[in-house]
K.L.:
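Got a structure here, written out as structure tokens. Questions coming.
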Amino acid sequence: MTDAVARSSRITRRTFGVAFLAGAAWAGAETWPRWAFWQGSAGASAAALNELPQAAALKALGVRVLAATPATRAEIEAKLGPRLAEGGYDAAVARDQANGNLIAVDGWLIAETTTLAAGWLASAA
């Protein structure tokens, strides 16, 4: 038989170790998105929208958006710039979807940042 005190000590150390790892994982999961955006500002400017893989599709959507609600490039940049500055295009779209900032375009609900980005790309042509 093993010593009861040694066994209890081993169980306690393991429990604290697992609790520490769980706490570290939770803290990492909570801060990871913000930390990832601090590393680089990919997509944090309107000019970076041209580098997105979906830039051609956004430009085609932008033609439809601008036909429905005409806006100048300066007006679009004024609305789009602050959104992109807070973490880039993907983060802004995620915030819009989480907050319900959606715009109806041809019967589809699209994030407001997506419509702004599409309009900005289409206005460049």
K.L.:
Compare every heavy atom of Ala55 with every heavy atom of Leu121, then report the nearest pair and how far apart it is.
P.N.:
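Scanning both residues completely, I find the closest heavy atoms to be CD1-O, 3.8 Å.
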K.L.:
Strictly distance-based, threshold 3.5 Å: is any side-chain N or O of Thr12 a donor or acceptor partner for the main-chain N or O of Ser8?
P.N.:
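Side chain of Thr12 to backbone of Ser8: a pair is present.
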K.L.:
If Ile, Leu, Val, Met, Phe, Trp and Tyr residues are connected whenever their side-chain heavy atoms lie under 4.5 Å apart, and connections chain through other members, are Trp108 and Val65 in the same group?
P.N.:
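Trp108 clusters together with Val65.
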K.L.:
With distance as the sole test, does Glu75 use its side chain to make a donor-acceptor pair with the main-chain N or O of Thr72 at under 3.5 Å?
P.N.:
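Pair found, side chain donor or acceptor close to backbone of Thr72.
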K.L.:
So which heavy atom on Ala78 is nearest to which on Pro82, and how close?
P.N.:
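Scanning both residues, the minimum pair turns out to be O-CD, 3.3 Å.
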K.L.:
Using only atom types and a distance under 3.5 Å, with no angle test, would you say the side chain of Arg73 pairs donor to acceptor with the backbone of Gly119?
P.N.:
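Not at all, since once roles are kept as given, no pair shorter than 3.5 Å links the two residues.
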K.L.:
To the nearest 0.5 angstrom, please state how far the CG atom of Leu52 sits from the NZ atom of Lys59.
P.N.:
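Leu52 atom CG to Lys59 atom NZ measures 12.0 Å (nearest 0.5 Å).
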K.L.:
By the definition side chain to side chain contact (heavy atoms under 4.5 Å, CB included), identify the one residue from Leu84, Leu116, Leu80 that meets it with Tyr89.
P.N.:
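So the option named by the test is Leu84.
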K.L.:
Measuring only between side-chain heavy atoms, which start at C-beta, is Ile103 closer than 4.5 Å to Leu109?
P.N.:
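Of all side-chain heavy-atom pairs linking Leu109 with Ile103, none is under 4.5 Å.
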K.L.:
For Arg14 and Val18, what are the C-alpha separation, side-chain angles and deciding distance, and is it a side chain to side chain contact (heavy atoms under 4.5 Å, CB included)?
P.N.:
CA-CA 6 Å; Arg14 289 178 183 166; Val18 168; 5.5 Å; no
K.L.:
Going from CZ on Arg10 to OG1 on Thr15, what distance comes out if it is rounded to the nearest 0.5 angstrom?
P.N.:
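Answer rounded to 0.5 Å: 12.0 Å.
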K.L.:
Do Thr114 and Val105 have side-chain heavy atoms sitting under 4.5 Å apart?
P.N.:
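Thr114 does not reach Val105 side chain to side chain.
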K.L.:
Is there a path of hydrophobic side-chain contacts, each under 4.5 Å between heavy atoms of I, L, V, M, F, W or Y residues, that connects Leu49 with Val93?
P.N.:
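Shared cluster, yes.
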K.L.:
Could you report the tightest heavy-atom contact between Gln97 and Ala111, atom names first, then the distance?
P.N.:
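It is CG-CB, 4.3 Å.
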K.L.:
Side-chain contact test, heavy atoms from C-beta onward, threshold under 4.5 Å: evaluate it for Ile11 versus Arg7 and give yes or no.
P.N.:
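A side-chain contact exists here, since the closest heavy-atom pair is under 4.5 Å.
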K.L.:
Would you give the length of the straight line joining atom CZ of Arg64 to atom CG of Leu66, rounded to the nearest 0.5 angstrom?
P.N.:
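The distance works out to 12.0 Å.
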K.L.:
Starting from the C-alpha separation in whole Å, work towards a yes-or-no answer on side chain to side chain contact (heavy atoms under 4.5 Å, CB included) for Asn50 and Trp120.
P.N.:
CA-CA 10 Å; Asn50 288 318; Trp120 187 85; 4.1 Å; yes
K.L.:
Using a strict cut-off of less than 4.0 Å between a Lys/Arg side-chain nitrogen and an Asp/Glu carboxylate oxygen, indicate whether Glu112 and Lys79 qualify as a salt bridge.
P.N.:
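Salt bridge flag = no for Lys79 with Glu112.
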K.L.:
Could you give the distance from CD1 (Ile110) to OG1 (Thr115), rounded to the nearest 0.5 Å?
P.N.:
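Here the rounded value is 7.5 Å.
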K.L.:
What heavy-atom pair brings Ala122 and Gly62 nearest, and what distance separates the two atoms?
P.N.:
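Taking every non-hydrogen atom into account, CB-C, 3.5 Å.
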